[in-house]
Every structure is written in C-alpha cells, then in structure tokens.
Asker: 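The structure that follows is given in the form of structure tokens.
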Amino acid sequence: MKVLNVGKYAAMAALLMGTMVACSDDDDDDNGGGNNSQFETPKYEGEAAKYVIDDQRTSPYKSIELTASGNFIIQPSEYVNNAPQKVPVASKKNMLQRLAGMMNAHISMPETRYEVYSLIAYGKYTKTGENHYNLEGFGTLTINKDANGTVRSIVLTTAGKHPEEYTAHRQNTNINSDMSNKLCRTWCIESYRYYAKINGKTYVDFAADTFAEVITKMYTWSKKNHPDIDESEWDDMEDMKNDPTPENVIFTKTGTYIVLYSNKQLAVSTWIWQDEKNGILRYSWNPDNFNDYDEAGDVKIEFKNNRLHLTEGDFDYEDGESYEEGLTYIMTEVK
C-alpha cells in the first residue's frame, strides 16, 4: 500500500495507513459547507501597495509593502555592502510549516518597537496624511509621485536619523477578484483538521485546536485501532510537538504571503492563483519559479462561516487504488 508524502506529515500517514482498511468510516460526505462567507473591506485596502527600490546595490532595502490590514513588511536588499548576499533557507516542508533562514550580512536598523525577523522588518502602520505613513516603532514613510500620479521615489526616516530617499516604483497589483478580495488580509490560525482517504472513503477525519493536539489524536487513533503499534515510531512525532508552529498568515494582492511563527520568526514568499474557480492556489518559496518541485506546491482555498480553510494535501493513484491525505488550517480574520 502506498504511503503519501505530504511534507512533514508523511511519517504520520505511515503510522495511520496500516490500520485503515479494517476501520473505515462509512460517511463519505465531505460536507463542504459552500462559500457562504462575507467579509468587510480591510481598513487600509486603498493604501495597500508594494514599493520596490530601483537600485538595491546602494540601498539596504529591497522593498516596502503596506498591506490592506495595516501591516508593513520591509525586506532587505540582497546586495548589502555592494556584494550579493543570499538568504539560506530550510528544506521544503509545506506552505506554512517553514522558517526563514538568517542572513549573514549586517544591516543597520533602528532598535525600536517593530519586530525584526531574519532582517525582515514587520509591524503596524497608520496613514498620517496623503502619501504619508507612520511605521510603528520604525519611522515614517513618504511616497513621492509625479504629476501623473506615478511613483518616483520613497523617503524613509528612521528614529534619530536623517531622511533617506530612494528611487522606487510601485509593483503592479495583478491579483484582483472576488476570491482575492476575501483572501488578501491578515489571518490567525484558530484550529486544524486532519483527514486521510482511500478510494474516496474517509478513514481518518478529526479536528484539533493545536498542532500538538493533532499529533496526540493521531496517536490515540492509531493505538485504538492497532494496539500492537511500535511506540518508538512515535518518537519523531512527539518531538514535533515542540516545533515552532504558524500563528498568523498574511496574503497581499501583489502575490506576497507572510507567515509568522510561534518562535517569533517570519517567512515571506509568493503566490498566484493556479485555478481560482476551484480555489487552487499555488505558492513557491522561490519567487522566480512556480514550477520548482522542491520549492512550490498547491493548496485548496475555501471560505466557510467567515473563516479561511487552507488545505494542503496530496493525492496519488496506484494499482487501481487512490490515496489522499491532508491538513487543513482554519483561520479567522485579524482586525
């Protein structure tokens, strides 16, 4: 029997699949719930934009993005001290369970209330005037435009320093639709759902409030249906209870998504609609390549009862049998 490989959940599936055939659930109804959610327009929808620095060899910054929910993200330039610097990242896991690596290059950033994650600055912003913003704890941002309204430069003023102007342009917002309007905001992970199926029949399906509870319920289920289970096989899963877990996720219409973790680290990457009609979103940890098997993948996006259901799973077919498993992150909007 083939065991599916869904990122870090493959080991869990290996322990569960062996007991499924004799212990299936006769209820095959997924009870999708439909798309019955309505969301208010985020407070800063009209201000949401990504400003990209034109000459990153002379700037410590790569881009500054203002999100619809009132967050700012400042990404460091890959050219620090006029030399290209690459950010090392961990091996692929899945869309949310991955941490950004630390950049070795030094960037001088003010020691204030905003958070720094792997040299990515993140925090809240407010609009203080036309094209003027306060970046909480970081400083201020001014957007300079010409007579036609085209962005020409940005001015950053950090605490205790003189204003610094950088030529820049506004990245086009290519993602704009009803589904995108619902998705592009800040989310908080509320709970989880794990499921596994063979030939379309559900054998495992349960909800949990935390990722640690997901592992505990998997163990309980396996122990009940397979009393002779080798306890040592669960050692790795028990260790996973202590791994950092995603807490907040932000999507923007420029194709950025940000994940904040329980250990105060942050990861930034990119997304597009693969099949918007059916809610299939494609992500990649490599912003230049959505077809890299090791860096990209697909997730299912659904909205139910004013919550975002993001499911990453896998489906395979072998020797006349189909196998499917996945983990759903259930999220509520952060306002």
Side-chain angles (χ1 to χ4, degrees), residues 41-80 82 84-85 87 103 107-110 112 114-117 119-177 180-181 183-186 250-258 266 268-273 284 286-288 290:
T41 301
K43 180 179 179 179
Y44 288 109
E45 175 71 24
E47 310 303 321
K50 184 175 183 178
Y51 302 99
V52 180
I53 308 298
D54 291 335
D55 187 358
Q56 295 174 24
R57 293 177 181 270
T58 59
S59 166
Y61 313 112
K62 176 181 180 180
S63 64
I64 299 176
E65 185 158 9
L66 306 179
T67 77
S69 296
N71 304 105
F72 71 85
I73 305 103
I74 302 179
Q75 296 197 57
S77 171
E78 292 183 354
Y79 294 90
V80 180
N82 296 319
Q85 303 287 336
V87 181
M103 182 180 286
I107 294 180
S108 177
M109 291 191 175
T112 48
Y114 76 97
E115 300 287 350
V116 177
Y117 306 81
L119 298 183
I120 298 170
Y122 168 86
K124 290 283 189 179
Y125 76 87
T126 54
K127 183 177 181 179
T128 56
E130 189 65 25
N131 298 320
H132 294 277
Y133 305 90
N134 179 59
L135 311 182
E136 183 178 345
F138 187 92
T140 62
L141 169 68
T142 300
I143 310 300
N144 292 326
K145 302 179 181 180
D146 62 18
N148 297 319
T150 301
V151 173
R152 295 303 183 188
S153 68
I154 64 172
V155 178
L156 272 174
T157 304
T158 56
K161 293 188 177 182
H162 294 294
E164 296 179 322
E165 184 172 7
Y166 304 98
T167 58
H169 64 276
R170 176 172 175 165
Q171 180 175 314
N172 290 334
T173 303
N174 298 319
I175 304 171
N176 195 0
S177 63
S180 303
N181 290 339
L183 178 68
C184 292
R185 57 193 70 225
T186 301
I250 303 170
F251 291 92
T252 78
K253 293 182 181 178
T254 61
T256 300
Y257 80 85
I258 304 103
L266 175 148
V268 179
S269 198
T270 189
W271 72 277
I272 58 174
W273 286 116
S284 178
N286 177 358
D288 299 319
F290 278 95

Asker: If only side-chain N and O atoms count, and only distance matters, is there a donor-acceptor pair under 3.5 Å linking Thr167 with Asp55?
Answerer: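 No, Thr167 and Asp55 have no side-chain donor paired with an acceptor closer than 3.5 Å.
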
Asker: Judged by modelled atom types alone, do Tyr133 and Glu47 share a side-chain donor-acceptor pair under 3.5 Å?
Answerer: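 Result is yes, a qualifying pair exists.
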
Asker: Answer yes if the side chains of Ser153 and Asn144 hold a donor-acceptor pair under 3.5 Å, and no otherwise.
Answerer: yes

Asker: Nearest 0.5 Å please: distance from the OH atom of Tyr51 over to the CD1 atom of Ile64.
Answerer: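 Tyr51 OH to Ile64 CD1: 10.0 Å, rounded to 0.5 Å.
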
Asker: Taking Glu165 first and then Arg152, would you say they form a salt bridge - that is, a charged N and a carboxylate O separated by under 4.0 Å?
Answerer: no

Asker: Considering all heavy atoms of both residues, which atom of Ala68 and which atom of Ala48 are nearest to each other, and what is their separation?
Answerer: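 Residues Ala68 and Ala48, closest heavy atoms: N-CB, 3.7 Å.
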
Asker: Any side-chain donor paired with an acceptor under 3.5 Å for Asp54 and Tyr166?
Answerer: no

Asker: Once rounded to the nearest 0.5 Å, what's the spacing between atom NZ of Lys62 and atom CD of Gln75?
Answerer: 5.5 Å

Asker: Kindly give the heavy-atom pair with the smallest separation between Glu130 and Lys127, and that separation in Å.
Answerer: OE1-NZ, 3.8 Å

Asker: For the residue pair Thr157 / Glu164, report whether a side-chain donor-acceptor contact shorter than 3.5 Å exists.
Answerer: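 Side chains of Glu164 and Thr157: no pair found under 3.5 Å.
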
Asker: With a 4.5 Å cut-off on side-chain heavy atoms, are Thr140 and Leu156 touching?
Answerer: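 They are not in contact (no side-chain heavy atoms under 4.5 Å apart), so the answer is no.
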
Asker: Do side-chain atoms of Thr256 reach the backbone of Thr270 as a donor and acceptor pair under 3.5 angstrom?
Answerer: no

Asker: Hey, are Glu136 and Lys124 close enough for a salt bridge, meaning a charged N less than 4.0 Å from a carboxylate O?
Answerer: no

Asker: Quick one: closest heavy-atom pair of Ser77 and Ser59, and the distance?
Answerer: CB-O, 3.2 Å

Asker: Does any donor atom in the side chain of Trp273 or Ser180 lie under 3.5 Å from an acceptor atom in the other side chain?
Answerer: yes

Asker: Please name the pair of heavy atoms, one in Val155 and one in Pro163, separated by the smallest distance, quoted to 0.1 Å.
Answerer: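 Answer, listing the atom of Val155 first, then Pro163: CG1-CB, 3.7 Å.
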
Asker: Taking Leu66 as the fixed residue, which of Leu141, Ile73, Thr252 is the one that meets the side-chain contact (heavy atoms from CB on, under 4.5 Å) rule?
Answerer: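 Among the candidates, only Leu141 passes.
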
Asker: Once you round to the nearest 0.5 Å, how far does OH of Tyr257 lie from CZ of Phe251?
Answerer: 7.5 Å

Asker: Using modelled atom types and a 3.5 Å cut-off, is there a donor and acceptor pairing between side-chain atoms of Asn181 and backbone atoms of Ser177?
Answerer: yes

Asker: Begin with the C-alpha distance, continue with both residues' side-chain angles, and end with the deciding distance and a verdict on side chain to side chain contact (heavy atoms under 4.5 Å, CB included) for His169 and Val151.
Answerer: CA-CA 5 Å; His169 64 276; Val151 173; 5.6 Å; no

Asker: Closest heavy-atom contact between Val268 and Leu266?
Answerer: CG2-CD2, 3.2 Å

Asker: Are Glu45 and Lys253 packed together at the side-chain level, in the sense that at least one heavy-atom pair is separated by less than 4.5 angstrom?
Answerer: yes

Asker: Check whether any side-chain N or O of Ser69 sits under 3.5 Å from a backbone N or O of Thr186 as a donor-acceptor pair, and report yes or no.
Answerer: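 It does hold such a pair.
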
Asker: Are the side chains of Thr67 and Phe72 in contact, using a 4.5 Å heavy-atom criterion?
Answerer: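 Answer no - side chains too far apart.
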
Asker: Could you check whether any side-chain heavy atom of Ile250 comes within less than 4.5 Å of a side-chain heavy atom of Tyr122, counting everything from C-beta outward?
Answerer: yes

Asker: Is the backbone N or O of Ala49 less than 3.5 Å from a side-chain atom of Glu65, with the two atoms forming a donor-acceptor pair by type?
Answerer: no

Asker: Sub-3.5 Å donor-acceptor pair from the side chain of Asn286 to the main-chain atoms of Asp288, do we have one?
Answerer: yes

Asker: So, using ring pair (Phe, Tyr, Trp, His ring centres under 6.0 Å) as the criterion, who are the partners of Tyr44 when residues are at least two apart?
Answerer: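 Tyr44 satisfies ring pair (Phe, Tyr, Trp, His ring centres under 6.0 Å) with Tyr125 once adjacent residues are dropped.
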
